Amino acid sequence: MRSELRIYNTLTRESDIFKPLHSGYVGMYVCGPTVYSNAHLGNARTYVSFDIIYRYLLHLGYKVRYVRNITDAGHLEGDRDEGDDKFAKKAKLEQLEPMEIVQRYTLDFHEVLKQFNTLPPSIEPTATGHIIEQIEMTKKILANGYAYEANGSIYFDVEKFSAEHNYTILSNRNLEELLNNTRELDGQNEKRGRLDFALWIKAKPEHIMRWQSPWGEGFPGWHLECSAMSSKYLGNEFDIHGGGMDLIPTHHTNEIAQNLACHHTQPAKYWIHTNMLTVNGQKMSKSLGNSFLPAELLSGNHPLLDKGYSPMTVRFFMLQAHYRSTLDFRNDALQAAEKGLERLMNGLQMVEKLKPTGKSSFSVQDIKEKVYKAMNEDFNTPIALSHLFDATRYINLVNDGKEQISAADLKDLQEFMQNFVLNVLGLKPEEANAGALTDDLMQVIIGIRAAAKGKKDFETSDFIRDKLKEIGIEIKDSKEGTVYKIG
RNA sequence: GGUCCUGUGGCCGAGCGGCUAGGCAAAGCUCUGCAAAAGCUUCUACAGCGGUUCGAAUCCGCUCGGGACCUCCA
């Protein structure tokens with residue numbers, strides 16, 4: 001009997017037993033990127049974390065609708081009504097149409113996530129594609145009395161809302177202190193309250209992205225799109241809402257307020273938040289200028305890297321930490337992850353070659369249960385991995401004849417390893433980086449070397465090995481024969 | 001300034017009242033013409049000082065580090 005899945009819920013600040021609203025089905029909404037520049041590794045960590053959650057839920061047999069938006073409009077520089085939106089600003093900078101920016105960085109985002117082997121979401125809606133829904137929602141919040149119009153813009157009335165609801169339920173902040181500590185910002189005279197935020201913003205003449213609304217031409221506030229799209233595709237109440245931890249105090253807080261003000265329901269039952277990727281102990285972010293781009297990672301062309309690393313190495317590196325802990329991105333940690341991943345993948349290959357040896361001397365069932373237990377405790381991938389490494393050690397010991405495994409257990413273990421490593425953790429073997437022709441050539445060379453070795457002509461065989469090494473091809477002799485590795 | 005999180009062996013990272021993960025590195029061994037690779041084995045830490053407890057890395061207090069949020073951010 002397996003343990004039940006528990007998820008740490010930011011809303012309750014406890015690990016809650018996961019029970020979907022509709023048995024067998026899961027609705028999950030994750031806040032996607034604002035596509036105004038290249039996705040960096042910090043962004044990737046969040047989506048890799050949710051990819052694991054998505055994959056595991058699928059693995060458990062749930063039918064999951066995974067919605068992840070693309071923010072392509074209405075995201076202001078600062079929470080100021082006079083701010084340009086990010087796309088228009090960047091567009092001016094590069095002399096491009098805003099939607100050109102959106103397209104470029106949406107493609108980049110998809111490319112990055114594909115490299116990290118994340119599964120695409122079921123629906124990937126865009127903010128610009130849901131202007132009508134956002135206007136409708138604004139109208140309804142106005143009608144319900146939780147917003148007001150000021151000079152063509154619509155603001156959410158936090159004071160009114162908090163008289164009836166706990167506005168800071170998610171962040172657990174003290175509302176009074178928030179009110180007193182929020183910085184005085186310029187150009188805020190339109191707002192009645194310091195914490196009020198825009199649902200709809202009146203377009204200034206210089207704004208390129210604008211839509212017609214009952215309040216004149218404008219564009220939606222950032223927080224509204226997620227409320228509108230999650231309601232549309234998952235209903236007013238759904239199971240999981242996720243995002244980075246940095247979204248808790250503002251974005252998600254406001255989202256909850258909007259949903260309550262509009263639909264009178266709290267949108268999600270479980271709020272999951274992933275922690276940040278740090279560099280030298282500091283959060284990786286575009287504004288701090290310490291971000292790593294996937295291209296820099298692959299090439300190793302970055303002052304903090306000694307060499308390039310594959311996306312799978314980074315995925316594995318991320319899996320070695322829990323999603324709610326910060327993770328520091330460092331060259332030597334990556335180096336360690338590279339070796340670790342190789343060990344795990346070797347184990348995965350090895351288990352396929354194993355032959356049953358009679359009665360099992362260890363319990364496959366036990367390993368499996370430990371792995372599931374770890375995953376059921378708030379998706380604890382580091383612990384799951386540690387048991388997978390235990391399994392790997394047993395696999396190697398069976399290969400050495402020091403442990404025994406029965407035919408049934410072997411089949412079980414093979415299926416489990418393949419399924420878990422490949423499908424749940426989403427790790428895939430590095431693609432052979434040699435083409436067919438190269439491989440044929442290598443077989444010829446290896447054959448010549450083997451012949452020389454057979455004649456004890458070690459001078460020739462060592463010459464071949466050394467020369468290949470010079471051009472970056474490593475020769476390894478093993479019991480099963482000689483293999484090569486490029487790079 | 002306010003709110004909150006955090007400090008684990010040479011490094012990365014789990015654990016969060018008793019059973020003291022795992023990976024990397026290191027050392028020894030196996031394999032091997034020699035290597036390399038791979039595999040096996042070994043290596044026991046919880047910032048400091050107090051307290052609670054039969055028992056604390058785990059709970060409480062203080063001190064000293066580090067970080068996040070309060071402003072766009074995953």
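Everything numeric here is computed off the predicted structure, so don't read it as measured data. Atoms considered below: every heavy atom in the structure, side chains included; atoms not considered: hydrogens, waters and symmetry mates. Numbers restart at 1 for each chain; the letters A, B, ... are given by sequence-line order, proteins then strands.
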Pairwise [atom1] distance, [M] and [N] [rounded to whole Å]:
{"N": "U44(B)", "M": "A21(B)", "atom1": "C1'", "result": "12 Å"}
{"N": "G23(B)", "M": "C43(B)", "atom1": "C1'", "result": "15 Å"}
{"N": "U8(B)", "M": "U58(B)", "atom1": "C1'", "result": "11 Å"}
{"N": "G15(B)", "M": "U53(B)", "atom1": "P", "result": "28 Å"}
{"N": "A74(B)", "M": "U6(B)", "atom1": "P", "result": "24 Å"}

Of the listed nucleotides ([options]), which one gets closest to any side-chain atom of [X]?
{"X": "A321(A)", "options": "A14(B), A74(B), C40(B)", "answer": "A14(B)"}
{"X": "R330(A)", "options": "C11(B), A14(B), G13(B)", "answer": "C11(B)"}
{"X": "S386(A)", "options": "A37(B), C73(B), G22(B)", "answer": "G22(B)"}
{"X": "F458(A)", "options": "G13(B), C73(B), G33(B)", "answer": "G33(B)"}
{"X": "K476(A)", "options": "A14(B), A37(B), U41(B)", "answer": "A37(B)"}
{"X": "D400(A)", "options": "G39(B), A74(B), A14(B)", "answer": "G39(B)"}
{"X": "K339(A)", "options": "G33(B), A25(B), A74(B)", "answer": "A25(B)"}
{"X": "R173(A)", "options": "C70(B), A37(B), C40(B)", "answer": "C70(B)"}
{"X": "I383(A)", "options": "G15(B), C24(B), C40(B)", "answer": "G15(B)"}

Looking at Y47(A), does the NZ or CZ of R68(A) lie under 6.0 angstrom from its six-membered ring centre and within 45 degrees of the ring axis?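 R68(A) over Y47(A) ring: yes.
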
Using OP1 and OP2 only, check whether a side-chain N or O of [X] sits under 4.0 Å from [N].
{"X": "K286(A)", "N": "C72(B)", "value": "no"}
{"X": "N396(A)", "N": "C40(B)", "value": "yes"}
{"X": "R324(A)", "N": "C5(B)", "value": "no"}
{"X": "N399(A)", "N": "G39(B)", "value": "no"}

Test your reading of the model: is there a side-chain donor-acceptor pair from T71(A) to the backbone of V35(A), 3.5 Å cut-off?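 No; judged by distance alone, with no hydrogens or angles, the pair does not exist.
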
Distance criterion of 3.5 Å, no angle test: do you see the side chain of [X] paired donor-to-acceptor with the base of [N]?
{"X": "R343(A)", "N": "C24(B)", "value": "no"}
{"X": "D462(A)", "N": "A35(B)", "value": "no"}
{"X": "R465(A)", "N": "A35(B)", "value": "yes"}
{"X": "K402(A)", "N": "C40(B)", "value": "no"}

May Y47(A) be described as stacking on the base of A74(B), applying a 5.5 Å centroid limit and a 30° limit on plane angle? no

Between T128(A) and M209(A), is any pair of side-chain heavy atoms under 4.5 Å apart?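 Answer yes - side chains close enough.
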
With both distances under 3.5 angstrom, what nucleotide forms a Watson-Crick or G-U wobble pair with C29(B)?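 In the structure as shown, C29(B) has G39(B) as its Watson-Crick or wobble partner.
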
Salt-bridge test for E338(A) and K307(A): reply yes if a basic N is under 4.0 Å from a carboxylate O, no otherwise.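 Yes, this pair counts.
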
Please verify the inter-ring angle class for F197(A) with H223(A); under 30° counts as parallel, over 60° as perpendicular, anything in between as tilted.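 Correct class here is perpendicular.
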
